[in-house]
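Here's the structure, in structure tokens; my notes come after.
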Protein chains: 2
Amino acid sequence: MKDARPCSIAGTLALVGEKYSLLVLREVSLGARRFDQLVRNTGAPRDVLATRLKRLVDAGVLEKVAYSDRPRRFEYRPTRAGLDLEPVLLTLMAWGDRHLNAGDRPMVLEHSGDHELVPVVTCAECGEEVAHDDVTAHPRAAGWTVTGPTAA
Amino acid sequence: MKDARPCSIAGTLALVGEKYSLLVLREVSLGARRFDQLVRNTGAPRDVLATRLKRLVDAGVLEKVAYSDRPRRFEYRPTRAGLDLEPVLLTLMAWGDRHLNAGDRPMVLEHSGDHELVPVVTCAECGEEVAHDDVTAHPRAAGWTVTGPTAA
DNA sequence: CTTGGCAAGTTTGAAAACCAAACCCACCAT
DNA sequence: ATGGTGGGTTTGGTTTTCAAACTTGCCAAG
């Protein structure tokens, strides 16, 4: 997925935006780490899963660890970079819960063992929840002329 | 993208996870709202863009508004549901900034006009930043046997 | 009144990705 | 030997993607 602009959103999507990649990350975060589990739980065709796993390992998001020699077998674990993608999964889930499955969520998350996790994006500087109107974009790289009448 | 499990992450990705959809959302959020602008700024082929836009409008994420009759021309605006996807864009961008472009970010966001926006996912219940180890999953729907030795 | 240009798509034909099913390999248990 | 398991790779057919060319409706200039 090449983008016309230099952009971290596009860059991240180029890595994990292909079909099934984020579902693999979900599974691996939840503890399902073997090839056949990933096939079952994501629904990905085996060959597609194989290429995704290669890509994610190359990108340093997962690591392939042998859990048995003779027969040699592997599992896939999230690296630090992989765990750092959890916020993406949480915001995707929050949106789906609100706009797709409002009323009966397929899964509920518990936070610190004593309350429900309600994910919100806030600003680490001021602690406030981020609202659309409070954000202004400042391009630093070339290629960012926002050609629009309603440019933000 | 059909998933083997009922899941809000998979559901959301089924809607906005196809190639270019989130880049379209980025552009529309930034103010670029016409067809040709979206072609230029996302790099999507025209026909792909046309199908993505139809899908996003059908899903209620964008709305198609005529800005001129005779010649009839349209722009695409984010709905509430569309703006609610901004947290996803912010977390994707944050990850890319940290793991892809560390050091020279292509774009910086300003918050409330007086400081840099540093997006973090927190829990609305307790206000704490969400760390991987503090989260436990509680499936509510069928299809969620986490078949793993290391199940979380 | 014909030519040119712009915006928003649609059409076309070839290349790439996806898919399900079958296959392969190493090993272990029966 | 036979069957089962885990982790893939191969095969062949369907679906998407792609870039480029084309279409439609309108206005402006020559």
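The analysis underlying the following values was restricted to heavy atoms, covering all of them including side chains, and did not include hydrogens, waters or symmetry mates.
Rounded to a whole Å, the NZ atom of A/K19 is 12 Å from the P atom of D/dT15. Computed from coordinates, the B/D36 CG to C/dC6 C1' distance equals 8 Å when rounded to whole Å. Whole-Å rounding puts the B/R46 CZ to C/dA7 P distance at 10 Å. Between A/L53 atom CG and D/dT9 atom P there is a gap of 10 Å when expressed in whole angstrom units. Atom-to-atom, CG of A/L38 to C1' of D/dG6 comes out at 13 Å; the value is rounded to the nearest Å. What separates CG of B/D69 from C1' of C/dA8 is a distance of 15 Å, to the nearest Å. The separation between B/L49 atom CG and D/dT17 atom P is 12 Å, rounded to whole Å. Rounded to whole Å, atom P of D/dG6 lies 14 Å from atom CD of A/E75.
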Practice item. Begin from the C-alpha positions of A/C7 and B/R26 and carry the test side-chain contact (heavy atoms from CB on, under 4.5 Å) through to its verdict. Key: CA-CA 10 Å; A/C7 165; B/R26 174 196 71 189; 3.1 Å; yes
**Study point:** Candidate pair B/E86 and A/H132, rule side chain to side chain donor-acceptor pair (under 3.5 Å), full reasoning
**Key:** CA-CA 7 Å; B/E86 261 184 29; A/H132 171 70; 2.4 Å; yes
Exercise for review: Determine, stepwise, if the pair B/S8 / A/M107 fulfils side-chain contact (heavy atoms from CB on, under 4.5 Å).
Suggested key: CA-CA 8 Å; B/S8 286; A/M107 180 157 92; over 6 Å; no
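If you check D/dG8, D/dC18, C/dA8 against the side chain of A/Y76, the one that comes closest is D/dG8. The side chain of B/F35 has C/dG9 as its nearest neighbour among D/dC18, D/dG7, C/dG9. Minimum atom distance to the side chain of B/Y67 is reached by C/dA8, of the listed D/dG8, D/dT11, C/dA8.
Of the inter-residue distances, the one linking A/S29 atom OG with A/L89 atom CG reads 6.0 Å to the nearest 0.5 angstrom.
Note that A/K64 lies outside the cation-pi zone of A/Y76, set by a 6.0 Å cut-off to the ring centre and a 45° limit from the axis. The side-chain tip of A/R73 does not point at the ring of A/F35 from less than 6.0 angstrom away and within 45° of straight on.
For D/dG8, the OP1/OP2 oxygens have no side-chain nitrogen or oxygen of A/R52 closer than 4.0 Å. Proximity of B/Y20 to the phosphate of D/dC18: a side-chain N or O atom is located under 4.0 Å from OP1 or OP2. A close approach under 4.0 Å does occur between a side-chain nitrogen or oxygen of A/K54 and OP1 or OP2 of D/dT9. Within the structure, a side-chain polar atom (N or O) of B/K64 is placed less than 4.0 Å from OP1 or OP2 of C/dG9.
With a 4.5 Å cut-off on side-chain heavy atoms, A/L53 and A/L49 count as touching.
Side-chain N/O atoms of B/D47 and base N/O atoms of D/dC18 include a donor-acceptor pair closer than 3.5 Å.
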Study note, to complete from the structure: Reading nucleotides 25-30 of chain C from 5' to 3' and marking B where a protein heavy atom lies under 4.0 Å of the base, S where only the sugar-phosphate is that close, and - otherwise, the string is -BSS--
